[in-house]
Protein chains: 2
Amino acid sequence: MIKCIRCSHVHAITKSGIVRGKQRYYCKDCNIHFTLPGEAAVEVRQQKKHMATIVDIAKALNISKSTVSRALHEHSDINPQTRAAVLEMARQLDYQPNLLAKSLVKSKSNTIGIIVPEFLTYFFPTIIMGAQQVAEQAGYNVIICQSQESFKTEVANASVLLANRVDGVLISMTRETKNFEHFKAFERHGIPVVFFNRICDEMDTSKVLVNDYEGALKAVEHLIENGYRNIAHIGGPPALRITHNRLKGYRDALEKHGLPFKKELVVHCNLSKKDAIHCAEKLLNGKRRPDAVFCVNDPVAIQLMLAAKKMKIKIPSEMGIVGFSNDPISEVIEPALTTVQQPVADIGRSAMHILLDAIKEGDAYSPVLQSLETTLIIRGSSSRK
Amino acid sequence: MIKCIRCSHVHAITKSGIVRGKQRYYCKDCNIHFTLPGEAAVEVRQQKKHMATIVDIAKALNISKSTVSRALHEHSDINPQTRAAVLEMARQLDYQPNLLAKSLVKSKSNTIGIIVPEFLTYFFPTIIMGAQQVAEQAGYNVIICQSQESFKTEVANASVLLANRVDGVLISMTRETKNFEHFKAFERHGIPVVFFNRICDEMDTSKVLVNDYEGALKAVEHLIENGYRNIAHIGGPPALRITHNRLKGYRDALEKHGLPFKKELVVHCNLSKKDAIHCAEKLLNGKRRPDAVFCVNDPVAIQLMLAAKKMKIKIPSEMGIVGFSNDPISEVIEPALTTVQQPVADIGRSAMHILLDAIKEGDAYSPVLQSLETTLIIRGSSSRK
DNA sequence: ATGAAAGCGCTAACAT
DNA sequence: ATGTTAGCGCTTTCAT
């Protein structure tokens, strides 16, 4: 039974709510509220069982919590016996360090935030996997946020990461991001940021991307070499730099080979499946149907291929198609899709390495721009030689 | 120049390390170490710029931090003018609440952990997406861990989540998990756990899965109805319950239609691409080649189909194939793959709903077992009628 | 080798 | 309506 802490009686005690997970009591006699002192106390319906803390260990062993802390951290100034005893008691009490508290003290959360527009196609998951590998090795956790291609969500994501005091952030922007205040907030607070794939030109931070221009150039030249002359391009959203670079590669390849650039052969796709289908149909139903298409990425190329097949257009004889990224589907579809391969997992690994460096070096750090190379993988969808 | 806080001299001062992000100084005259008081003080190379706290706001406004806290939380007892002033000052100082501190006080991190074996195929990312949607709406963050099908990594994941004091955990186990101590630790600490897809029978917690048995049964019956008689099965790793249930569906379908169950027609695949290819070849090269195969999932079915194609086996006339999950590839491959569709995103949503309920209800909560229904999607790979 | 005490940023009971 | 105070669990100086 509960005794009043003042009058020590057990009658006249009622429960009066829960405070910090502990049952609060009220003594009608003394007219006071109180919670029970001492260890976690109450067995009352409380959602969290008490988790052992270093204080619990200290009490159990009759030593100070500093000593416990030292024992737990292989500090040099610690008696091996004390250390052993602490470790044993920690085990007995099922002690789990509270990283929240540690982070608070150290002003360092050992957590990295990642913001990606989506992770349903294989591209971003693979990058994240690469990044996570590297982070894990360095003892960092990762919080993954999806902006779902929505600017508003992206802003919210950034604020969550900031509030959780991540030590650094990896970002690939949405297709609609034009304002960068939410990213600059990281900078203002000294939290390093590395952009990848969908980078932000306005910010003076490290960036990792692939040589989109070169990849596009190679892809389109390959089409030209295979005798295609009326080559169209399904590009990405205008706001993204990859869109720009790949478009430029496309244009330059045409020019280099003396082919005219025709505006009506370029359409822009927002990268959703729906819009990809729409763009594909637009191109295929146009008055002068192209004999080849270079697509901004594989998912788009695949929708195009499906649409073309539905219209009984023969690939590659009547139409050549090249994609970008080497999505697993591109090997499986028939004919297999020619594509520009990017070192996807490396993008993630590379970005994380750069970020960890930035964290380590602090202000001494100066931004890096890393560009990874692409390889053209030639498959059935484009080779008619 | 830095003045000694005791003698006020500027000579004889040297730097002596950095303490909590602040430069520490040493005065040789006074023989003392000190850091500069006042706001973040030092402009020294420190990685983190000082982030404004409620105390900074309070000082700037000459009010107490409680008042600031209240103003920031739309507490009722607050003068609208004070509130406005606080909000404005927060904006000016670029204040960002420190959720670590808040979590520490509230013993609640508003974070949910998710452990999945991988997220490269579309299955787990889609589940995570569904789960995240629900979590976000409820104001929860999500930390995603990949165990990479490694027991050791899974144990480490669990410990990270525990240390970060997540409020609840969603788990799909690795194929090699047989010891569940790391999961039980969550229970011991009152952190609710919900398993999905790859569930743990030994634990008395909520579970979400699809009706694997029913799905498998329908799939195999469909093959039988299409005249296939020598039906093989590529199953999953023996440790998983989905393997069991789908195998049972396969057996029962055979039995129901008076077909013999032949042990040599069942092979178990660990679900890696490599092993899938290996299993496919084993089956196709066996002395008595089956005329149909029911596969434990689509990625495996797809490898089988590719292998069969390579051997010029005609699908579906010479061999029928059915998969499980409706991976996006299954629509695209030719012939398109017949598959048992699961409501993938719903699994995630459902699991998260259950978890949030468990968190809310605390000890009052009792485990739920939710089973979602499947649909057979009939495509070219199995229909020869 | 150990302990005492301050403080990380915040919330909330209690007093005013 | 606002201030005071204690405390969440931990690290780290300083003193012993």
Side-chain angles (χ1 to χ4, degrees), chain A residues 16-22 24-26 31-35 37 39-40 48 50-59 61-73 75-83 85-86 95-109 163-165, chain B residues 16-22 24 26 31-35 37 40 48 50-59 61-73 75-83 85-86 95-109 163-165:
Chain A
S16 58
I18 292 195
V19 178
R20 293 197 188 154
K22 292 184 192 165
R24 185 163 165 250
Y25 298 97
Y26 176 62
N31 190 25
I32 59 164
H33 293 270
F34 60 94
T35 60
E39 31 73 273
K48 304 258 178 255
H50 176 73
M51 278 189 136
T53 70
I54 52 170
V55 174
D56 296 319
I57 301 179
K59 277 186 189 154
L61 257 34
N62 229 324
I63 56 178
S64 80
K65 62 177 177 174
S66 332
T67 305
V68 175
S69 175
R70 280 188 279 253
L72 257 17
H73 289 83
H75 192 93
S76 52
D77 279 358
I78 186 81
N79 184 322
Q81 286 167 29
T82 316
R83 189 170 132 70
V86 167
Y95 169 75
Q96 296 285 347
N98 185 329
L99 254 42
L100 294 174
K102 176 170 177 172
S103 300
L104 186 59
V105 169
K106 309 259 271 188
S107 297
K108 185 155 195 330
S109 62
N164 280 287
R165 295 298 188 270
Chain B
S16 58
I18 292 194
V19 178
R20 293 199 187 152
K22 291 184 193 168
R24 184 164 165 251
Y26 176 62
N31 191 25
I32 58 164
H33 295 270
F34 60 94
T35 60
K48 304 259 178 253
H50 175 73
M51 278 190 141
T53 70
I54 52 170
V55 174
D56 296 318
I57 300 179
K59 275 185 189 156
L61 258 33
N62 231 323
I63 57 178
S64 82
K65 62 176 178 174
S66 336
T67 306
V68 174
S69 176
R70 280 187 279 252
L72 257 18
H73 289 83
H75 192 93
S76 52
D77 279 357
I78 186 81
N79 184 322
Q81 286 166 27
T82 316
R83 188 170 134 70
V86 167
Y95 169 76
Q96 297 285 347
N98 186 329
L99 252 44
L100 296 174
K102 177 171 175 171
S103 301
L104 186 59
V105 168
K106 308 261 272 189
S107 296
K108 183 154 196 333
S109 62
N164 280 286
R165 297 296 189 269

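Every chain is numbered from 1, with letters handed out A, B, ... down the list of sequences. Computed from a prediction, not measured in an experiment: that's the story for all the values here. For the numbers below, each heavy atom of this structure counts, side chains included, while hydrogens, waters and symmetry mates do not.
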Query raised in the report: Looking for any heavy atom pair under 4.0 Å, which part of the strands does A/Leu99 touch: base, sugar-phosphate only, or nothing?
Result: nothing
Query - From CG (B/Leu61) to CD1 (B/Ile54), nearest 0.5 Å - result: 12.5 Å
Report task. Return the nearest nucleotide to the side chain of B/Ile54; candidates are C/dG9, C/dT11, D/dT2. Result -> C/dT11
Report task. Specify the separation, in whole Å, of atom CZ of A/Arg83 and atom P of C/dT2. Result -> 12 Å
Requested in this report: Identify which nucleotide among C/dC10, D/dC10, C/dG3 has an atom closest to any side-chain atom of A/Pro97, counting heavy atoms from C-beta outward.
Outcome: D/dC10
Report task. Could you tell me whether the side chain of B/Val86 reaches within less than 4.5 Å of the side chain of B/Ile63, counting heavy atoms only? Result -> yes
Query raised in the report: Is the distance from OP1 or OP2 of D/dT2 to the nearest side-chain N or O of B/Thr67 less than 4.0 Å?
Result: no
Query raised in the report: Which residue, B/Val55 or A/Pro80, contacts DNA chain C at a nucleotide closer to its 5' end, judged by nearest heavy atom?
Result: A/Pro80
Query raised in the report: Any idea which of D/dG9, C/dT11, C/dA1 is nearest the A/Leu104 side chain?
Result: D/dG9
Report task. For A/Met51 and D/dC10, give me the distance from atom CE to atom P, rounded to whole Å. Result -> 10 Å
Query - Whole-Å gap separating P (C/dG7) and CG (B/Asp56) - result: 15 Å
Requested in this report: Round to a whole Å and report the spacing from NZ of A/Lys108 to C1' of D/dT12.
Outcome: 17 Å
Query raised in the report: Want to settle it: does B/Ala101 or B/Arg70 sit nearer the 5' end of DNA chain D, counting the closest nucleotide to each?
Result: B/Arg70
Query - Rounded to 10 degrees, the angle between the two terminal axes of the helix from C/dA1-D/dT16 to C/dT16-D/dA1, each from five pairs - result: 40°
Query raised in the report: For A/Ser103, which residues count as a side-chain hydrogen bond (donor to acceptor under 3.5 Å, both in side chains) partner, sequence neighbours excluded?
Result: none
Query raised in the report: Any side-chain N or O of A/Ser66 under 4.0 Å from OP1/OP2 of C/dA5?
Result: no
Query - Minimum-distance nucleotide (side-chain atoms of A/Lys65 versus C/dA5, C/dT11, D/dA1) - result: C/dA5
Report task. Provide, to the nearest angstrom, the distance between the CD atom belonging to B/Gln81 and the C1' atom belonging to D/dA1. Result -> 12 Å
Query raised in the report: Rounding to a whole Å, what distance do you find between A/Lys106:NZ and C/dA6:P?
Result: 21 Å
Requested in this report: Answer yes or no: does a side-chain N or O of A/Thr53 lie under 4.0 Å from OP1 or OP2 of D/dG9?
Outcome: no
Query raised in the report: D/dT11 P sits how many Å from A/Ile78 CD1, rounded?
Result: 13 Å
Query - Qualifying residues under side-chain hydrogen bond (donor to acceptor under 3.5 Å, both in side chains), relative to B/Thr82, sequence neighbours excluded - result: none
Report task. Check every atom of D/dC10, D/dT2, C/dT11 against the side chain of B/Lys102 and return the nucleotide holding the closest atom. Result -> C/dT11
Requested in this report: Would you indicate what B/Asp77 reaches in the nucleic acid, counting non-hydrogen atoms under 4.0 angstrom: base, sugar-phosphate, or nothing?
Outcome: base
Report task. Give a yes/no answer on whether the side chain of A/Ser69 brings an N or O atom under 4.0 Å of OP1 or OP2 in D/dT11. Result -> yes
Query raised in the report: NA contact type, A/Ile63, heavy-atom cut-off 4.0 Å: base, sugar-phosphate, or nothing?
Result: sugar-phosphate
Report task. Using atom CG of B/Leu72 as one end and atom P of D/dT2 as the other, report the distance to the nearest whole Å. Result -> 14 Å
Query raised in the report: Which part of the nucleic acid does B/Ser103 contact within heavy-atom distance under 4.0 Å: base, sugar-phosphate only, or nothing?
Result: nothing
